[in-house]
Amino acid sequence: MWLWKKSWLAPTLVIIGMLIVWESATMILAMPTWLLPAPTIIAREIITSWSAFQQHFWATTSLAVIGFIVGVSIGLLLALVLHLCPRIRQSIYPILIMSQNIPIIVLAPLLVIWFGFGLFPKIIVITLVCFFPIVIATLAGLGQTNDDLLHYLRMSGASKKQIFLKLELPHSVPSILSGLKISATYSVMGAVISEWLGANRGIGLYMTLAQSSFRTDRVFVAIFFIMLVCMCFFGTILFLEHRVLKGFQKRGRS
Amino acid sequence: MAELAVKQLTKGFGNKCVLEDLTFSIDKGEFVSILGPSGSGKSTLFHLIGGLLQPDAGEISINKQQINGMTGQIGYMPQNPSLFPWRTVLDNVVLGQELHGKPNLALAMEMINKAGLSEMETTYPDELSGGMKQRVAFIRALLSPQQLLCLDEPFSALDEFTRQDMQNWLLTVWQAYRKSILFITHSIDEALYLSDRIIVLSTNPARIKAIFQPSFPHPRQQRLLLSDEFLSWKRKVTKAVRQA
């Protein structure tokens, strides 16, 4: 298995070690469960509440996937436009950076006021957190091509379109994949935040309910599943990268 | 019939004149070397012929058609191989064709095999040695549809042994496919060994200093490098270069 390498052994051991410290700390300090539940209690809760939890799990996962796809599409499109029209790039780039300074937590309630509780405002939230890494990574990949290769193409009479298709686009593939990895993990966070606004299902909703009823163990269940979804997304992109690049990355940088 | 004709070509940047009044031509199937010290404006000359720069005065023409500032009129082999790392050897050699039409894969395979790169067509450039990369780069230029090839110090980064191998290899392949070649170099030995004609450039600004036509018979062999005739030519050319 390509995922199971020796490099996974060390982090796994560290995580197990941390769980043991956590477990013994709650025992020694006689920590009340509502303050900090022990890992074993959380694990039991994960198993017992799964049947009730799974609808939230799937709701958030599908929301994150949809948001991710929309965000990445917009990000890629925007990056292409900005790359091909340097004028637009100059005027839009600062706005892009500013868009990342808008606190999503503040923006989210506004979106509800404007667009209601449906899917649309949620997708906007996820898109806002997802598109930026893609735009930046794609622009970097398209812009920082090898000068020698560019010189060869220009001397050989390549058109602007050919330079884009034969050099810039393939050269940017590793960068785009790096951007995808970041966006994929962000999209889950975005989905959970968007569910805090108001949703009838989802890990975000579950988390708020658990928190307000002092079911700290359930809050940790939610955290556990958020991490799980994130890791699955990340793993999927990693797998894709592995398939697409097949040693390209090493070559692309040389 | 002249393949490439350069007439009274002048080019400067700002107040500095880089090329002054260059006039020369290359006949069909001829191998011409441009010899000059570094910084003698050789690259500028290539950029002009390649169409990336516009001359200040003068005319460049191929087959009597003026090509000032027109790109895509030459096949080009740069100083370093400039192979595309995500393309296999086969995909790399057909790139020149791709830019101007549909690639001819059968011909490409034939060339790869003849060039001593058999069974390498699916490997990626990073698995090739320096000499092999240059072979691929030369085949790419040779497969390009243009009749004139411009080679920009292609062997300057190779070690002496590889370079001699490559020179012999280049002559064999060129003999078989016979395109006109304009070859830039700063090695006198290389220029004498490879070319039919040598144009010596002066520096600041570059003018044509001398033209030599050694015309050693083909096929040329390594021992030519130590023959008396070769050495006497070398003395003459060296003298011309020194005065430059």
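Treat the numbers as computed from the prediction; the structure is a model and nothing was measured.
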>> With a sphere of 6.0 Å drawn around CH2 of A:W58, does it hold more than 12 non-hydrogen atoms of other residues, nucleotides or ligands?
In response: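 Result for CH2/A:W58: open.
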
>> Can you confirm whether A:R89 is buried at CZ, in the sense that more than 12 heavy atoms of other residues, nucleotides or ligands lie under 6.0 Å from that atom?
In response: yes

> Which residues in residues 46-61 of chain B have any heavy atom lying under 4.5 Å from a heavy atom of chain A?
Replying inline: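 Near chain A, by residue number: B:F46, B:H47, B:G50, B:L52.
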
> Residues of residues 67-84 of chain B under 4.5 Å from chain A (heavy atom pairs)?
Replying inline: B:T71, B:G72, B:I74, B:Y76, B:P78, B:N80, B:S82, B:L83, B:F84

>> Sort by residue number and list every residue of residues 60-75 of chain A having at least one heavy atom under 4.5 Å from chain B.
In response: none

> Among residues 151-159 of chain A, which ones touch chain B with a heavy-atom distance under 4.5 Å?
Replying inline: A:H151, A:Y152, A:L153, A:R154, A:M155, A:S156, A:G157, A:A158

> Side chains of B:R87 and A:K166: closer than 4.5 Å at any heavy-atom pair?
Replying inline: yes

>> For A:L167, which atoms come within 4.5 Å of any heavy atom of chain B: side chain, backbone, both, or neither?
In response: both

